[in-house]
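Just so it is clear, the structure is predicted and the values come from calculations on it, not from any experiment. Residues take their numbers from the sequence shown, with the count starting at 1.
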Amino acid sequence: MKQMNLAKRIGGTIMLPLAMFIVMFIVCYANGKTYFGTLPMWRIVLSDTAVATCCALGIGLQFKSGRFDFSGGAIMLLTAIIAGHVAQDMAGNNITVFMILCLLVSVVLSIIVSLVYVFGRLPIVIATIGMALLYESITCIVFNGAGAKYVSNMTLNVFASFPKALIPLVACVLIYAIYSYGTVTGKEAQLLANNQQSAVNIGINEKKNVIVSYIFSGLIFGFATMIYAAKAPHDASFTSLSTAGELFSNILPVFIGLMLAGFCGDLIGTFIGALTLSLLSYSLSAVFTAEMGSAISTVITGLFILLLNVVAGQGAVWIAGIKKVLKNSSRAMA
């Protein structure tokens, strides 16, 4: 019985990325893209998965605590600009300075968001949108609005490719796991998410919980920025809430992780979700042109998430209906 249960868990965990790989393998080979499934392809996919997972864990840490935070993308962009330019222009391409500043700036920006939310007594959506707008405006000012463009900097972009991209990924996974399963704050956050008033009534200090949780999410965003900053060039945000795109593109693995939580927990589920979406994005970009592949990838990703939600919500009902039909058919035949 235990072996069967373990088999179901493993099967449920790997089902999505395995199915995605098989389907995209067929699609790519049918279009002459025979490099799909090769080692260079996996190096790109895993580095994409690393940054997507790190961002998703930072967002998911607040999301599972009942807080939908819009400031994550702005925090990462501003952190990337400050840490990268200081390390590159003032510290002689010092990777240690870059790493320290990524963590330090990200944590400070996250703490400021938490303080505005806690002491401003604003709804979390209003507080985080306001801070996102503030941080975006700062990106247009600092370093003359140069943005974060370190793709060609061979010193600062060491975490942008496999296997070194796994270093920030492992760090983010450990931070998320420590917060969720090894701290009182993480366990209290679940109570606050389930019933905020009841949790406060039993003595949980919500203000302290929020600030501590933002310190942990700030650390995760800091490690994520190490990959994000050099993965691609990022312009300063001259359009309001342009960084919200980073939020919504990286929150999709969180949704998949929550759906797979029954099989493997939300932490592993988030990684599996990021891997599945990275396989989808890589394949569509390979089959179509860059612009068309990006557009089609966005549409199909949305449809894929919608389908997953429908199946997750109605799958049990459908299976019960099919069993009932089969049972009635067998009786009629008898």
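- When all heavy atoms of A87 and L156 are compared, the pair lying nearest together is CB-CD2, 4.2 Å.
- Between L61 and F221 the shortest side-chain heavy-atom distance does not fall below 4.5 Å.
- Looking at M41 and L46, their side chains never come closer than 4.5 Å, going by heavy atoms from C-beta outward.
- Side chains of R67 and T128: a donor-acceptor N/O pair is absent below 3.5 angstrom, by distance only.
- The backbone N or O of S217 lies less than 3.5 Å from no partner atom in the side chain of Y179, so there is not a single donor-acceptor pair.
- Between the side chain of S106 and the backbone N or O of L103 there is no donor-acceptor pair closer than 3.5 Å.
- Separating the CE atom in M76 from the CD1 atom in I227 is a distance of 8.5 Å, to the nearest 0.5 Å.
- V107 and L174 are members of different hydrophobic clusters when ILVMFWY side chains are connected at heavy-atom separations under 4.5 Å.
- With sequence neighbours left out, D89 forms a side-chain hydrogen bond (donor to acceptor under 3.5 Å, both in side chains) with H85.
- To the nearest 0.5 Å, atoms OG (S281) and CE (M20) are separated by 10.5 Å.
- For the residue pair A274 and P253, the shortest heavy atom distance occurs at N-CB, 3.7 Å.
- Using a distance-only test at 3.5 Å, with no hydrogens or angles considered, a donor-acceptor pair links the side chain of Y29 to the main chain of T34.
- Under the 4.5 Å side-chain heavy-atom criterion for Ile, Leu, Val, Met, Phe, Trp and Tyr, I112 and I126 are members of distinct hydrophobic clusters.
- With hydrogens and angles ignored, the 3.5 Å screen pairs a side-chain donor or acceptor of E136 with a backbone N or O of T243.
- In summary, the aromatic rings of F255 and F63 are positioned with their centroids under 6.0 Å apart.
- Among all heavy-atom pairs drawn from G145 and F238, the shortest one is O-CZ, 4.2 Å.
- For the atom pair CE (M90) and CG (L101), the distance works out to 10.0 Å, reported to the nearest 0.5 Å.
- Side-chain contact check for F216 versus Y176: every heavy-atom pair is 4.5 Å or farther apart.
- For residues 211-231, the pairs satisfying salt bridge (Lys or Arg N to Asp or Glu O under 4.0 Å) are D48-K231, with sequence neighbours left out.
- The aromatic rings of H234 and Y228 lie parallel to each other, their planes meeting at an angle below 30°, with 60° marking the opposite boundary.
- I22 and M15 fall into different hydrophobic clusters, where Ile, Leu, Val, Met, Phe, Trp and Tyr residues are linked whenever their side-chain heavy atoms come under 4.5 Å apart, directly or through other members.
- Looking at heavy atoms from C-beta onward, C172 lies out of side-chain contact with T53 at the 4.5 angstrom threshold.
- Using modelled atom types, one side-chain atom of S47 and one backbone atom of I44 make a donor-acceptor pair closer than 3.5 Å.
- In the hydrophobic clustering of this structure, V113 groups with I124; members are Ile, Leu, Val, Met, Phe, Trp, Tyr whose side-chain heavy atoms approach within less than 4.5 Å, directly or through other members.
- Side-chain heavy atoms closer than 4.5 Å link hydrophobic residues (I, L, V, M, F, W, Y) into clusters, and following such links, even through other members, never connects F162 to M154.
- Between the side chain of N94 and the main chain of V97, a donor-acceptor pair closer than 3.5 Å is present.
- Scanning all heavy atoms of the two residues, the minimum distance from Q62 to S213 falls at NE2-O, 3.3 Å.
- The two residues C102 and T79 make their nearest non-hydrogen contact at O-CG2, 3.4 Å.
- Looking at Y214 and I111, their side chains never come closer than 4.5 Å, going by heavy atoms from C-beta outward.
- With contacts defined as side-chain heavy-atom distances shorter than 4.5 Å, the pair I138/I81 does not qualify.
- To the nearest 0.5 angstrom, D266 atom CG is 13.0 Å from M259 atom CE.
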Next on the checklist: As a quick check of understanding, evaluate side chain to side chain contact (heavy atoms under 4.5 Å, CB included) for K149 and D235, giving each step before the final call.
Outcome noted: CA-CA 8 Å; K149 300 174 183 178; D235 294 322; 3.0 Å; yes
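- The shortest side-chain heavy-atom distance between M99 and F223 does not fall under the 4.5 Å cut-off.
- A donor-acceptor distance shorter than 3.5 angstrom exists from the side chain of D69 to the backbone of S71, with no hydrogens or angles considered.
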Checklist entry - What's the verdict on side chain to side chain contact (heavy atoms under 4.5 Å, CB included) for I256 and I272, showing C-alpha distance, side-chain angles and the deciding distance? => result CA-CA 8 Å; I256 298 177; I272 294 297; 5.5 Å; no
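- Ring centers of F21 and W42: under 6.0 Å apart, within the cut-off.
- Within the 6.0 Å centre-distance limit, the rings of F68 and F70 are counted as a close aromatic pair.
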Next on the checklist: Is there a side chain to side chain contact (heavy atoms under 4.5 Å, CB included) between L122 and Y117? Walk through the geometry before answering.
Outcome noted: CA-CA 6 Å; L122 298 169; Y117 168 57; 5.5 Å; no
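- One N or O on the side chain of T139 and one on the backbone of S237 form a donor-acceptor pair closer than 3.5 Å.
- One finds the SG atom of C54 at 10.5 Å from the CZ atom of F271 (value rounded to the nearest 0.5 Å).
- Between the OG1 atom of T270 and the CG atom of L275 there is a distance of 12.5 Å, given to the nearest 0.5 Å.
- When all heavy atoms are compared, the tightest approach of A230 to A160 is O-CB, 3.7 Å.
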Next on the checklist: Let's go through L78 and V142 carefully: what are the C-alpha distance in whole Å and the side-chain angles of both, what is the deciding distance for side chain to side chain contact (heavy atoms under 4.5 Å, CB included) to 0.1 Å, and is it a yes or a no?
Outcome noted: CA-CA 9 Å; L78 184 54; V142 293; 4.2 Å; yes
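- Side-chain contact between S114 and K207: absent, with no pair of heavy atoms (C-beta onward) separated by less than 4.5 Å.
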